[in-house]
Amino acid sequence: DSELDETLIEGEEYILVIRSATPKTKALAEKQLVDVIPFTCGRKTKLPPARNSVWRKKVTLHVSGEVYDDVEIATA
């Protein structure tokens, strides 16, 4: 199993937080805008092997609630 298999478990619910146009090296900060997407992990499907590549999987994600765009990060 891969790190993905250990992180995303089929049938479990998660919340994805996306910061667009922000370097991943920049820490979360007050007043940054994020999108919030609740989802359920669906089926993991092994993809056919590709030449000179590692094994890959496709993971189906199902939006499981209301999606919020441009949510401002509040103070802690």
Side-chain angles (χ1 to χ4, degrees):
D1 287 348
S2 68
E3 186 176 337
L4 174 67
D5 289 314
E6 295 172 10
T7 303
L8 293 177
I9 300 168
E10 191 172 336
E12 292 291 320
E13 293 189 10
Y14 300 89
I15 296 175
L16 177 63
V17 177
I18 300 173
R19 295 187 301 164
S20 298
T22 304
K24 65 181 179 181
T25 55
K26 186 174 182 178
L28 286 172
E30 180 181 349
K31 301 203 183 238
Q32 284 181 347
L33 296 179
V34 297
D35 298 334
V36 181
I37 305 167
F39 70 94
T40 302
C41 181
R43 184 173 182 204
K44 298 174 190 173
T45 306
K46 291 180 184 176
L47 298 174
R51 190 171 157 191
N52 296 323
S53 181
V54 297
W55 284 99
R56 299 176 303 148
K57 290 183 180 179
K58 176 178 80 172
V59 180
T60 305
L61 305 178
H62 306 280
V63 175
S64 60
E66 190 168 348
V67 175
Y68 298 97
D69 295 321
D70 297 328
V71 175
E72 190 175 283
I73 296 177
T75 56

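Heads up: numbering here begins at 1 and tracks the sequence.
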**Request:** Please check if the side chain of T22 supplies one atom and the backbone of S20 the other of a donor-acceptor pair under 3.5 Å.
**Result:** yes
**Request:** Would you mind reporting whether D35 and D70 have side-chain heavy atoms less than 4.5 Å apart?
**Result:** yes
**Prompt:** When hydrophobic residues are tied together by side-chain contacts of less than 4.5 Å, even through go-betweens, does L33 share a cluster with I18?
**Reply:** no
**Prompt:** So if you build clusters from Ile, Leu, Val, Met, Phe, Trp, Tyr with side-chain heavy-atom gaps below 4.5 Å, do L28 and V17 land together?
**Reply:** yes
**Message:** Check for me, please, whether V36 and V63 land in the same ILVMFWY cluster - side-chain distances under 4.5 Å, paths through other members count.
**Reply:** no
**Asked** Would you find more than 12 non-hydrogen atoms of other residues, nucleotides or ligands less than 6.0 Å from I15 atom CD1?
**Response** no
**Request:** Could you pull out the closest heavy-atom pair between R19 and K26, with the gap in Å?
**Result:** NH2-O, 2.7 Å
**Prompt:** Nearest heavy-atom pair of V59 and C41: which atoms, and what distance?
**Reply:** CG1-SG, 3.8 Å
**Item:** Distance in Å, Y68 OH paired with I37 CD1, rounded so as to fall on 0.5 Å steps
**Value:** 12.5 Å
**Message:** Please determine whether residues V71 and L16 belong to a single hydrophobic cluster, defined as Ile, Leu, Val, Met, Phe, Trp and Tyr linked transitively by side-chain heavy-atom distances below 4.5 Å.
**Reply:** no
**Fill in**
Sequence neighbours excluded, the answer for side chain to side chain contact (heavy atoms under 4.5 Å, CB included) partners of N52 is none
**Item:** Interatomic distance, E30 atom CD to E72 atom CD [nearest 0.5 angstrom]
**Value:** 7.5 Å
**Asked** Roughly how far, to the nearest 0.5 Å, is CD of E13 from OG1 of T40?
**Response** 4.0 Å
**Asked** How far does CD of E10 sit from CG of D5, to the nearest 0.5 angstrom?
**Response** 10.5 Å
**Request:** Would you indicate whether the side-chain heavy atoms of F39 and L8 approach each other to under 4.5 Å?
**Result:** yes
**Request:** Kindly say whether A50 contributes a backbone atom to a donor-acceptor pair with the side chain of R56 at under 3.5 angstrom?
**Result:** no
